[in-house]
Each structure stands twice: as structure tokens, then as C-alpha cells.
Chemist: 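Have a look at this one before I ask anything.
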Amino acid sequence: MNKNDFSSWLARNRATGRVSRFATLGVAAVLITTVAFSTWVLTRSAQPGSLLSPPLIALLLVANLIPAIALMVLYSRRVARQRAKREGLGSGKLHARLVTLFSVLAAVPTVLVAIFASLLFQSGMEFWFSDRARNMLENTVAIPQAAYSAEEERVANETTVMSSDVAEYLRLVTIEDPRFQEGFARQVLNRYLSEAVILNVSDKGLVQSIALVDPYARNLESVVTADQIRKLQNQRVINLNSSDRIGALTRLDYGPNTYLYAARVFDPEFQKQIDRGTQVLKDYQSLLSRSRNNQLRFNGALLVVALVIVGFAIAAALKLADRLVRPMGQLVAAAGRIEEGDFSARVPVTKTEDEIQTLASAFNRMTGRLDEQTSALMSANAQLETRRAFTEAVLSSVTSGVVALDARNRILLINRSAESLLQHEDEALEGVSLQDVSPELDEFMAGSKGKPTFSSSLSQGSALWR
């Protein structure tokens with residue numbers, strides 16, 4: 001490479017470096033701008049449970065992902081060039097191109113998958129946190145709750161009405177009369193109640209039952225406590241519910257401190273299902289309040305995972321580029337040694353059984369062949385020099401003048417006697433035209449063209465003509 005070529009190459013590298021720096025700064029500026037804009041959009045005040053639209057959040061994801069990946073690729077190109085120059089592989093353009101190619105091949109599907117996953121996830125979130133889904137879930141939980149509340153109200157009303165009927169019975173017959181027992185049981189049955197008990201509270205606060213309908217054979221006296229009776233002082237009826245019963249307590253117009261308790265038995269699983277539905281609704285409302293944060297976290301995770309995948313792809317691309325370019329660098333170094341005359345240069349042959357191994361093997365065979373041919377040429381030249389030295393030694397000992405000419409009358413060989421006769425003893429005459437040394441002898445040779453080679457004796461020696 002001459003000085004002009006080197007200057008041109010250096011100028012191109014400087015221009016490329018400036019373009020790369022400007023591109024890196026430009027991409028970094030775009031990334032900072034998109035991050036700032038995204039932060040402003042995402043931190044705006046919104047109602048609890050409101051979501052960003054899927055196209056908007058996907059657009060923000062891509063707007064941040066693409067500049068970040070581009071910045072990583074530009075930095076990897078710089079790293080690739082530095083590694084190539086450090087290992088003596090030239091400007092590193094091929095290194096950078098390979099890294100860029102593999103990075104883009106990894107980045108394109110990663111970005112597409114991130115967009116698809118973002119839209120798919122947000123579409124699901126948009127449905128489950130929509131007014132339609134919320135109303136559907138609330139209605140599903142509200143139906144059994146409404147049925148339970150309606151049953152509470154029915155039992156309370158039936159207990160209140162039954163207390164009037166039972167008081168009317170007690171005005172007609174005594175409480176010990178079998179007819180009252182039958183009428184009391186019929187009241188419980190006809191009002192779709194499961195059990196009932198008439199209670200009396202003594203002056204000492206003891207609760208005692210004076211009549212009951214108890215097909216389940218449980219201690220109904222323990223169901224009603226003095227505290228519950230005190231709550232009834234300012235109310236007409238109160239509900240006394242348990243895990244398997246809906247009950248109500250009301251006053252009975254039959255002497256002082258007399259009360260009527262009635263209940264309806266139901267499957268305990270019904271209450272458990274209501275409790276589970278209520279808990280599910282609470283959990284849903286809690287998720288609804290965090291839905292926006294969950295949306296942002298998921299898309300942030302997509303962004304981080306995509307960048308990590310591209311980062312691993314870039315690292316793998318650097319390793320692969322090193323593996324592909326290093327044999328070429330070894331070939332370049334070996335070619336440089338051959339250019340300097342070292343024909344023993346060889347490159348390592350890998351055991352990958354691929355094109356690189358084939359190229360290295362062919363290069364080594366070529367250099368081996370060149371080395372053999374060069375050795376043969378050097379041996380032949382040595383023999384020629386030996387013969388020439390021998391011929392000169394023989395001619396120098398001859399007293400006659402001897403001149404050897406080629407087809408164009410240029411001197412190939414001349415001994416000292418001929419130099420003395422031609423009066424050119426201190427000059428190097430080999431390769432000089434005979435006309436410049438002796439025009440007369442040149443004219444003589446011009447008349448001898450086409451004749452066989454002969455010798456002619458002169459006054460002080462002889463010459464060999466051709």
C-alpha cells in the first residue's frame with residue numbers, strides 16, 4: 001500500500017467512525033425522547049381500574065424497544081471493530097457486518113413476538129376488567145346473596161306473622177293443650193320453616209323454652225341468648241343466622257318476657273358458596289384497582305426480556321463472527337509472510353469439516369507447493385551461478401579476447417583480454433550493446449549475420465562471434 005492509498009484508507013475510516021458516532025448519538029437521543037414521552041403518558045392520572053388501550057401500550061413498547069435494540073447493535077459493531085483491529089484482522093468491517101446481520105435476525109422475531117404477546121395479554125385484560133365482565137361477576141355473586149337476603153326477610157316476616165297467630169291460639173287454649181301443639185306445628189310447616197320455639201326469660205335472665213317444634217333434636221335454648229334478647233328491645237324482629245340456618249327472633253304476646261324463635265334449615269354448602277363468591281368479588285376488586293400497574297409491569301417485563309434475548313443474540317453473534325473471521329485473519333497474516341518471502345507460512349487447520357477447513361487445507365497445499373518450487377529455483381540458480389563462476393574463471397585464464405553476444409548484439413560475457421583489447425578495462429560491459437563498445441566490430445558482425453558462429457584472430461587476441 002503506497003502513501004496515497006494509505007491516506008485514502010485512513011480518511012475513509014475516519015469518515016466511517018464519525019458517521020457511527022453521529023448515528024449512536026442520534027439513536028440515544030431518540031431513545032431518551034421516547035422514554036420521557038412514555039413516562040409522561042404512563043404517569044398521567046387515571047381512574048382506578050382503567051387500562052391503557054392495547055394499541056397505545058404496544059406502540060410505546062415498540063417505540064422504546066427499537067431504539068434500545070439499535071443502540072445495542074451500534075455498540076456491538078464498535079466492539080466488533082475494536083476486537084478485529086486488536087487481533088490484526090483489518091478494519092473489522094466484515095466483523096461488524098456479521099454482528100449486525102445476526103443481531104437483526106434475532107431482533108426482528110423478538111420484536112414481533114413482544115408486540116403479539118402485549119396485544120394478546122392486553123386484549124384479555126381489557127375484557128376481564130371491562131364493565132361487562134365486572135357486572136357479570138358482580139351479578140353472579142349478587143344472585144345467591146339476594147336469595148339469601150330474601151330468605152332472611154321471608155323468615156323474619158313469617159316469624160312475625162306467626163307470633164300473632166300463636167298468640168291468638170294461646171288466647172283460646174292453654175299452652176299445654178294438644179290442640180295448641182298441633183296448631184303450632186302446623187304454623188311451622190305451612191310457613192316453610194324448619195323449627196320454632198317459644199322462650200321465656202326469667203327475672204334472673206335465664207332463658208327457658210315452654211313450647212317447641214324441634215324435628216332436628218337440638219338444644220334450641222342455647223340458640224337464643226340474653227344478649228340477643230336485649231338487642232330486641234328497640235326492634236320488632238332480629239335475624240339470628242348460623243352456618244346452616246336462617247332464624248328470626250320476635251316478641252310473643254303471651255305474658256311478660258315471652259319470645260318466639262323460628263328458623264329455616266338449608267344446606268351449609270350454600271353459605272360457603274356465598275362466602276367464596278364474596279371473597280372472589282373482593283379479590284377481583286383488588287385486582288381491578290391494580291390492573292393498570294399489572295398492565296405496565298407485564299409490558300415492562302416484555303421489554304426487559306426482549307432486550308435480554310437480543311443481548312444474548314449479540315453476544316452469540318460476536319462469538320460466531322470471531323469464529324468465522326479469525327481463520328480469514330490467519331490467512332491474511334500468512335499471505336503477508338509469503339509476500340515478504342517466507343514460503344514456510346502455514347495456517348492452522350480446524351477439525352470442523354467445513355468450508356473453512358477446506359480453504360485452510362488448500363492454502364497450506366499451495367504454500368507447500370510454492371515452497372518446493374522456490375527451493376528448486378534457488379537450487380537451479382545456485383547451479384547456474386556455480387557454472388557462471390566456473391566459466392568466468394576459465395575465460396579469465398585465456399590470453400585470447402573472448403566476447404559472448406546475444407541475438408541483439410549485447411554483451412553477455414567478456415574476459416579481461418577482450419576488455420583490454422577494446423580499451424574498456426574499468427567499465428562493466430555486460431548487457432551493453434556491442435555498437436557502443438566497438439562500432440567496427442559491430443559492423444563486422446552485421447556482415448556475418450546468418451552465418452555459423454566462428455572465431456577470428458586479432459593482432460593481440462581473438463573474439464568469439466555469433
Side-chain angles (χ1 to χ4, degrees), residues 141-279 282:
V141 177
I143 289 174
Q145 288 181 339
Y148 188 82
S149 299
E151 185 66 13
E152 279 186 324
E153 185 177 359
R154 188 192 72 82
V155 170
N157 292 334
E158 293 293 345
T159 302
T160 303
V161 175
M162 187 173 66
S163 68
S164 301
D165 293 344
V166 171
E168 187 67 24
Y169 290 166
L170 291 174
R171 293 188 187 97
L172 299 177
V173 296
T174 62
I175 197 169
E176 293 86 2
D177 194 319
R179 290 177 296 176
F180 172 76
Q181 296 292 336
E182 181 181 356
F184 186 29
R186 188 177 296 109
Q187 284 282 336
V188 173
L189 178 63
N190 293 338
R191 298 182 186 280
Y192 297 100
L193 298 174
S194 302
E195 58 190 12
V197 60
I198 299 174
L199 302 168
N200 182 263
V201 180
S202 66
D203 296 336
K204 297 181 179 180
L206 297 177
V207 179
Q208 296 178 344
S209 62
I210 57 177
L212 58 83
V213 177
D214 185 15
Y216 297 95
R218 68 169 183 157
N219 186 9
L220 296 180
E221 294 180 0
S222 62
V223 175
V224 181
T225 63
D227 293 336
Q228 294 168 343
I229 292 175
R230 280 193 292 271
K231 292 179 181 179
L232 189 62
Q233 299 301 323
N234 299 324
Q235 300 181 40
R236 183 182 178 186
V237 62
I238 62 172
N239 286 104
L240 300 179
N241 302 330
S242 61
S243 60
D244 60 346
R245 282 172 171 78
I246 297 177
L249 178 67
T250 186
R251 292 179 178 275
L252 180 63
D253 188 12
Y254 179 69
N257 300 326
T258 305
Y259 303 92
L260 174 64
Y261 167 80
R264 170 69 185 272
V265 176
F266 60 88
D267 188 356
E269 288 297 324
F270 181 68
Q271 182 62 42
K272 292 180 180 179
Q273 291 177 0
I274 293 177
D275 294 339
R276 284 196 296 266
T278 303
Q279 185 61 41
K282 291 180 179 178

Chemist: Identify, with sequence neighbours excluded, every residue that meets salt bridge (charged side-chain N to carboxylate O under 4.0 Å, His left out) alongside D244.
Modeler: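 Result, salt bridge (charged side-chain N to carboxylate O under 4.0 Å, His left out) vs D244: none returned.
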Chemist: Going by the rule side chain to side chain contact (heavy atoms under 4.5 Å, CB included), which residues pair with S164 if we only count those two or more places apart in sequence or in a different chain?
Modeler: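 Expected list: none.
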Chemist: Output all residues satisfying salt bridge (charged side-chain N to carboxylate O under 4.0 Å, His left out) with E153, sequence neighbours left out; order by chain, then residue number.
Modeler: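 Partners of E153 by the salt bridge (charged side-chain N to carboxylate O under 4.0 Å, His left out) criterion come out as none, since no residue qualifies.
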Chemist: Could I get the full list of side chain to side chain contact (heavy atoms under 4.5 Å, CB included) partners for N241, not counting sequence neighbours?
Modeler: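 Y148, E152, N239, I246.
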Chemist: Enumerate, atom names and distances included, each donor-acceptor pair closer than 3.5 Å involving a side-chain atom of residues 248-256, sequence neighbours excluded.
Modeler:
{"unit_1": "T250", "atom_1": "OG1", "unit_2": "R236", "atom_2": "O", "d": "2.9"}
{"unit_1": "R251", "atom_1": "NH2", "unit_2": "Q233", "atom_2": "OE1", "d": "2.9"}
{"unit_1": "D253", "atom_1": "OD2", "unit_2": "R171", "atom_2": "NH2", "d": "2.9"}

Chemist: Distance from D177 atom CG to E182 atom CD, nearest 0.5 Å?
Modeler: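 Separation between the atoms: 10.0 Å.
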Chemist: Does S194 have any side-chain hydrogen bond (donor to acceptor under 3.5 Å, both in side chains) partners at least two apart in sequence or in another chain, and if so, which?
Modeler: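 side-chain hydrogen bond (donor to acceptor under 3.5 Å, both in side chains) list for S194, sorted by chain: empty.
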Chemist: Please enumerate all residues that pass ring pair (Phe, Tyr, Trp, His ring centres under 6.0 Å) together with F184, with sequence neighbours excluded.
Modeler: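 F180.
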Chemist: Can you list the residues that meet the ring pair (Phe, Tyr, Trp, His ring centres under 6.0 Å) rule with Y169, with sequence neighbours excluded?
Modeler: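 Y169 satisfies ring pair (Phe, Tyr, Trp, His ring centres under 6.0 Å) with no residue once adjacent residues are dropped.
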Chemist: Any sub-3.5 Å donor-acceptor pair from N200's side-chain atoms to N257's backbone N or O?
Modeler: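 Yes, the answer is positive, given that a donor and an acceptor are paired below the 3.5 Å cut-off.
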Chemist: Can you name the side chain to side chain contact (heavy atoms under 4.5 Å, CB included) partners of R154, sequence neighbours left out?
Modeler: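 Scan of R154 (side chain to side chain contact (heavy atoms under 4.5 Å, CB included), adjacent residues dropped) gives E151, E158, Y192, L193, R264.
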Chemist: Does any part of the side chain of I210, heavy atoms only, come nearer than 4.5 Å to the side chain of I175, both counted from C-beta?
Modeler: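 In contact.
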Chemist: Ignoring hydrogens, what is the shortest heavy-atom contact between V197 and S209? Give both atom names and the distance.
Modeler: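 Looking at all heavy atoms of both residues, the closest pair is CG2-CB, 3.5 Å.
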Chemist: Output all residues satisfying side-chain hydrogen bond (donor to acceptor under 3.5 Å, both in side chains) with Q181, sequence neighbours left out; order by chain, then residue number.
Modeler: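 Partners of Q181 by the side-chain hydrogen bond (donor to acceptor under 3.5 Å, both in side chains) criterion come out as none, since no residue qualifies.
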Chemist: Taking atom OG of S242 and atom CZ of F266, what is their separation to the nearest 0.5 Å?
Modeler: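 Going from OG on S242 over to CZ on F266, the span is 6.5 Å.
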Chemist: So which heavy atom on T159 is nearest to which on A262, and how close?
Modeler: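 In this case the closest contact between T159 and A262 is OG1-CB, 3.5 Å.
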Chemist: Can you name the residues that form a side-chain hydrogen bond (donor to acceptor under 3.5 Å, both in side chains) with N190, not counting sequence neighbours?
Modeler: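 With neighbours one apart ignored, the set is empty.
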Chemist: Does T258 form a side-chain contact (heavy atoms from CB on, under 4.5 Å) with L199? I'd like the steps, not just the answer.
Modeler: CA-CA 6 Å; T258 305; L199 302 168; over 6 Å; no
Chemist: To the nearest 0.5 angstrom, please state how far the CD1 atom of I238 sits from the CD atom of Q228.
Modeler: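 With rounding to 0.5 Å, CD1 (I238) is 6.0 Å from CD (Q228).
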Chemist: For D165, what residues pass the salt bridge (charged side-chain N to carboxylate O under 4.0 Å, His left out) criterion, not counting sequence neighbours?
Modeler: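 Checked D165 against salt bridge (charged side-chain N to carboxylate O under 4.0 Å, His left out); matches are R191.
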Chemist: Decide side-chain contact (heavy atoms from CB on, under 4.5 Å) for I198 and Y259; before the verdict, give the C-alpha distance in whole Å, the side-chain angles of both, and the deciding distance to 0.1 Å.
Modeler: CA-CA 6 Å; I198 299 174; Y259 303 92; over 6 Å; no
